[in-house]
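Order of appearance sets the numbers: ligands from 1, and atoms from 1 within every ligand.
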Amino acid sequence: MSSILPEGYQPPVHVGVIMDGNGRWAKKRGMPRKFGHREGAKTFRTITRHAKALGVQYITFYAFSTENWKRPKDEVDAIMDLFEKNLDEVRDFIEENIRVRFIGDRSMLNPRLQEKMKGVEEDSKDFDSMTLILAINYGGRDEITHTVRQIALDVKNGILQPEEVTQELIQSRLYTEEIPDVDLIIRPSGEQRLSNFLIWQAAYAEYYFTNILWPDFTKKDLEDAVIAYCERNRRFGGV
Ligand code: FPP
């Protein structure tokens with residue numbers, strides 16, 4: 001339990017964050033969009049640490065979607081560079097006992113980046129103060145397609161019977177595997193949509209939208225989102 005939250009408030013186990021508004025933040029200052037992403041990466045580090053302080057156990061950041069390849073090449077290159085640089089800094093999280101995981105289709109990423117991702121996952125696998133999940137080249141539909149294809153292959157090869165295909169089996173074959181469903185999804189910048197983020201895992205998620213642009217998102221904003229979540233009544237289809 002966290003001492004920052006009011007007494008009796010249970011933080012969400014798993015928080016998802018759509019880091020939106022970097023481009024607009026930079027544009028407002030007359031700067032190229034990549035400066036917004038650089039500032040957004042700083043916010044990502046601050047918010048990761050504060051989530052841990054609040055008692056969150058899993059936090060997933062939507063860093064790059066399967067649709068983001070449509071952006072101009074120089075912006076995509078700048079974001080990929082930022083990932084590499086941030087992975088070096090993410091190593092500091094390891095010293096803070098944070099486990100790091102990646103979800104998404106890695107095969108399209110630069111092999112050097114893929115190696116670094118593997119190294120960070122391997123070196124942090126036994127840590128347990130919080131799990132940080134980075135969604136890179138991630139799309140919910142892509143994830144479900146990948147899972148269904150794997151299951152279809154197992155059925156074709158006689159390893160699985162069709163009646164063994166349950167919600168639990170599907171869940172265990174998603175990129176998120178054993179990671180619990182997301183409880184709270186935060187989307188800054190005024191947009192109010194899911195944009196293909198954790199679409200299976202968000203079936204019962206609560207949403208928190210704010211007009212603040214991601215680079216301006218503060219620790220206090222995270223607390224406001226978590227407190228709003230704690231004050232909601234989740235019924236999971238019941239009464
Ligand atoms: C969305 O804002 C942001 C992205 C597509 C990129 C986010 C990536 C980072 C912040 C780099 C962080 C690095 C790590 C390792 C997590 P947008 O560009 O869509 O903003 P706009 O809606 O204002 O145009």
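- Taking distance alone, with nitrogen or oxygen atoms compared against 3.5 Å, Phe83 stays at or beyond that limit from ligand 1.
- The shortest contact between atom 10 (C) of ligand 1 and any protein heavy atom is with Asn22 ND2, 3.4 Å.
- Geometrically, ligand 1 and Ala63 share no nitrogen or oxygen pair separated by less than 3.5 Å.
- Just one residue in the list Arg91, Arg45, Arg38 forms a side chain to side chain donor-acceptor pair (under 3.5 Å) with Asn86, and that residue is Arg45.
- With hydrogens and angles disregarded, a donor-acceptor distance shorter than 3.5 Å links the side chain of His14 to the backbone of Pro180.
- Residue contacts with ligand 1, taken as heavy atom pairs separated by less than 4.0 Å, do not involve Leu87 at all.
- Ranked by closest heavy atom to atom 18 (O) of ligand 1, the top entry among Glu75, Arg24, Arg71 is Arg71.
- Residue Gly40 approaches ligand 1 through these ligand atoms, each under 4.0 Å from one of its heavy atoms: 10 (C).
- Each side chain to side chain donor-acceptor pair (under 3.5 Å) pair with one or both residues in residues 147-157, not counting sequence neighbours, appears once here: Asp154-Arg173.
- By the criterion of a heavy-atom distance under 4.0 Å, neither the backbone nor the side chain of Lys28 is placed next to ligand 1.
- In this structure, atom 4 (C) of ligand 1 lies nearest to the protein heavy atom His37 CE1, 3.7 Å.
- Counting all heavy atoms, side chain and backbone alike, Phe102 lies closest to Ile136 at CD2-CD1, 4.1 Å.
- No single ILVMFWY cluster, assembled from side-chain heavy atoms under 4.5 Å apart, contains both Ile103 and Phe44.
- Side-chain atoms of Ser195 never come within 3.5 Å of backbone atoms of Phe197 as a donor-acceptor pair (strictly under, hydrogens ignored).
- With atom 16 (C) of ligand 1 as the reference point, the heavy atom nearest to it among Leu134, Asn86, Ile136 is part of Leu134.
- With respect to atom 3 (C) of ligand 1, the closest heavy atom belonging to the protein is Met19 O, 3.1 Å.
- Nearest to atom 12 (C) of ligand 1 by heavy atom, out of Ala41, Pro215, Ala26, is Ala41.
- At a heavy-atom distance under 4.0 Å, only side-chain atoms of Arg33, from C-beta outward, approach ligand 1.
- Considering backbone and side-chain N/O atoms, Asn68 never comes within less than 3.5 Å of an N/O atom of ligand 1.
- The shell of residues lying under 4.0 angstrom from ligand 1, judged by heavy atoms, excludes Phe61.
- Remark: ligand 1 and Trp25 share no N or O pair separated by less than 3.5 Å (distance only, no angle test).
- Every residue two or more places apart in sequence or in another chain was checked for a side-chain hydrogen bond (donor to acceptor under 3.5 Å, both in side chains) with Lys70, and none qualifies.
- The closest donor-acceptor contact from the side chain of Glu75 to the backbone of Pro72 lies at 3.5 Å or more, if one exists at all.
- Heavy-atom neighbours of Lys34 NZ from other residues, nucleotides or ligands within 6.0 Å: at or below the threshold of 12.
- Considering backbone and side-chain N/O atoms, Trp214 never comes within less than 3.5 Å of an N/O atom of ligand 1.
- Between the side chains of Asp221 and Thr218, at least one donor N or O sits under 3.5 Å from an acceptor N or O.
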